[in-house]
Structures are given as C-alpha cells and as structure tokens.
Amino acid sequence: MKSLDKTLSAVEDWISVATFVIMLTLAFANVFSRFVLHASLAFTDEFVTVLFVLCSLAGSSIGQRNRAHLGLDFFTGFLPEKTQKIILVIGNILALIFLVIMFVYGIGMVKQEFIHKQLSTTMQYPQWIYGLTIPIGSGIMILRYIIDTVLKCHDVAAVGKE
C-alpha cells in the first residue's frame, strides 16, 4: 500500500506542477502576444482550459492526501472518537461512489466524442483527447480515496485496541 501511495503521490505532484507551468507559460504568452504584438494566440485558451480541469482534479487528490479538504466537524466533534472515524469512512465511501460515477460517465463521454469524431472549436483537434482529462483525473482521485479509506478503516479498528 505504501508503494502505491508513494507512486500516486509522485504522479499527482508531477501532473500538478507540469500542468500549472504549462498553463502559466501559455497564459503569459497569450497576454504578451495580445498587448505587445497586438495579435491573439487563440489556441492558448483551449489548452489552458483543458489543463485547468486536469490540474484541478490532481489538486483535489493532493488535498485528500494532505487532509486539506474542508469539513464540518462541529457536530461530529461531540461524538465518540470511534464514531467520528466511522463517519469519515462513510464520507470517503460516498466520495468514492461519486468519483466512480464521474469516471464511468467520463469514459462514456470520451467514447461518444470518439465515435462522432467531434473536433475542438479552435484547434480542430479530436475532442476525445481533451475529454480524457475527466477519466484520468477521476481515476487518480479514486485511487487516492481507496488508499485513504483503507487507512481510515485501520484507524477505526485501532481505536478500541489502544
């Protein structure tokens, strides 16, 4: 489990950094081109939008890894420790259900885009290439939530044995 966690962490970090650097570079190039050269680089908007989706999903996965997502613990703070941990596991299971639905529908979307040979608006690239960001991002998050859920289940089991 630890090797999968380390590998997934490296993938999350790499995707986040790479997409952010590319987005920053493209956005800067577009702004420079518009204001200095008085010519727009229209393709940059398309690429930045797609990269933003992937970066956001990878960032959400990193947020789960670092336990940085917002939570409402006012009511659960009054509950016993074991019950709090069980509620966290239930929350993870609900998130996993949502992510699996997002993954399945993302795969369906990519299939439809591929079958219908849809092209992107600006660059006329196959739309399914851009659509892959949804199943890839949700797949990464599914792995992260599975790892986190297993760790939280171990926490629940360890509460009474201390």
Side-chain angles (χ1 to χ4, degrees), residues 1-74 76 88-152:
M1 185 66 75
K2 285 187 179 187
S3 63
L4 176 62
D5 185 37
K6 285 178 82 172
T7 303
L8 186 60
S9 294
V11 169
E12 292 165 342
D13 293 342
W14 185 86
I15 289 174
S16 295
V17 170
T19 55
F20 187 76
V21 167
I22 294 168
M23 284 189 310
L24 184 66
T25 303
L26 289 173
F28 176 78
N30 192 23
V31 168
F32 179 81
S33 176
R34 284 185 187 194
F35 291 106
V36 176
L37 304 176
H38 303 291
S40 177
L41 300 175
F43 73 93
T44 60
D45 292 337
E46 190 172 286
F47 290 148
V48 168
T49 302
V50 171
L51 291 172
F52 181 76
V53 171
L54 188 57
C55 187
S56 297
L57 291 170
S60 295
S61 188
I62 292 170
Q64 181 64 19
R65 176 180 76 201
N66 296 333
R67 306 211 197 279
H69 286 295
L70 292 175
L72 299 174
D73 60 354
F74 177 75
T76 58
L88 289 174
V89 170
I90 292 169
N92 271 17
I93 291 169
L94 292 173
L96 271 166
I97 291 168
F98 170 76
L99 290 168
V100 167
I101 291 169
M102 191 165 95
F103 181 81
V104 169
Y105 276 93
I107 293 290
M109 177 187 72
V110 170
K111 281 183 184 177
Q112 289 300 316
E113 291 168 346
F114 184 80
I115 290 169
H116 296 297
K117 297 181 174 46
Q118 290 178 318
L119 300 175
S120 65
T121 308
T122 308
M123 297 299 294
Q124 297 295 300
Y125 288 154
Q127 188 66 37
W128 66 268
I129 295 171
Y130 299 147
L132 282 174
T133 58
I134 301 297
I136 289 172
S138 58
I140 289 169
M141 289 182 68
I142 287 169
L143 290 174
R144 173 57 59 202
Y145 270 87
I146 288 171
I147 291 168
D148 194 53
T149 303
V150 168
L151 294 175
K152 285 180 179 172

Enquirer: Do N92 and Q64 have side chains that approach each other closer than 4.5 Å (heavy atoms only, starting at C-beta)?
Expert: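 In short, these two side chains touch, coming nearer than 4.5 Å.
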Enquirer: Please enumerate all residues that pass ring-ring contact (aromatic ring centres under 6.0 Å, His included) together with F28, with sequence neighbours excluded.
Expert: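 For F28, no residue satisfies ring-ring contact (aromatic ring centres under 6.0 Å, His included) once neighbours in sequence are set aside.
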Enquirer: Can you name the closest pair of heavy atoms from L26 and L51 and give their distance?
Expert: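 Minimum heavy-atom contact is CD1-CD1, 4.4 Å.
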Enquirer: For A95 and Y145, which heavy atoms make the closest approach, and how far apart are they?
Expert: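 Looks like CB-CE2, 3.5 Å.
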Enquirer: Please say which of E113, Q127, E46 ends up in a side-chain hydrogen bond (donor to acceptor under 3.5 Å, both in side chains) with S120.
Expert: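 Option passing the side-chain hydrogen bond (donor to acceptor under 3.5 Å, both in side chains) with S120: E46.
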Enquirer: Apply side chain to side chain contact (heavy atoms under 4.5 Å, CB included) to I129 and list each qualifying residue two or more places apart in sequence or on a separate chain.
Expert: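 Result, side chain to side chain contact (heavy atoms under 4.5 Å, CB included) vs I129: P126.
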Enquirer: Once the angle between the rings of F47 and Y130 is folded into 0 to 90°, is it parallel (under 30°), tilted (30 to 60°) or perpendicular (over 60°)?
Expert: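 Perpendicular: the ring planes of F47 and Y130 meet at over 60°.
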Enquirer: For the CD atom of Q118 and the CE atom of M109, what is their distance to the nearest 0.5 Å?
Expert: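 Q118 atom CD to M109 atom CE measures 9.5 Å (nearest 0.5 Å).
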Enquirer: Measuring from R67:CZ to L151:CG, what's the distance to the nearest 0.5 Å?
Expert: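 Interatomic distance, R67 CZ to L151 CG, rounded to 0.5 Å: 6.5 Å.
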Enquirer: Under the side chain to side chain contact (heavy atoms under 4.5 Å, CB included) rule, collect the residues that match up with V31, sequence neighbours excluded.
Expert: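 So V31 forms a side chain to side chain contact (heavy atoms under 4.5 Å, CB included) with F35.
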Enquirer: Which heavy atom of I93 sits nearest a heavy atom of T149, and at what distance?
Expert: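 Nearest heavy atoms, I93 then T149: CG1-CG2, 4.4 Å.
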Enquirer: Rounded at 0.5 Å granularity, tell me how far CG in D45 sits from CE in M123.
Expert: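 CE of M123 is found 12.0 Å from CG of D45.
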Enquirer: To the nearest 0.5 Å, tell me how far D5 CG sits from E12 CD.
Expert: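 If I round to the nearest 0.5 Å, the distance is 8.0 Å.
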Enquirer: Is R144 paired with D148 through a side-chain N to carboxylate O contact shorter than 4.0 Å?
Expert: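 Looking at R144 together with D148, the answer is no, because their closest N to O distance does not fall below 4.0 Å.
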Enquirer: So how far is it from S60 OG to I140 CD1, rounded to the nearest 0.5 Å?
Expert: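 Going from the OG atom of S60 to the CD1 atom of I140 covers 11.0 Å.
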Enquirer: Looking at every non-hydrogen atom in both residues, tell me the closest pair between L99 and S138 and how far apart they are.
Expert: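 Distance-wise, the nearest heavy atoms are O-CB, 4.1 Å.
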Enquirer: Going through the distances and angles, do M102 and L57 end up as a side-chain contact (heavy atoms from CB on, under 4.5 Å)?
Expert: CA-CA 12 Å; M102 191 165 95; L57 291 170; 3.7 Å; yes
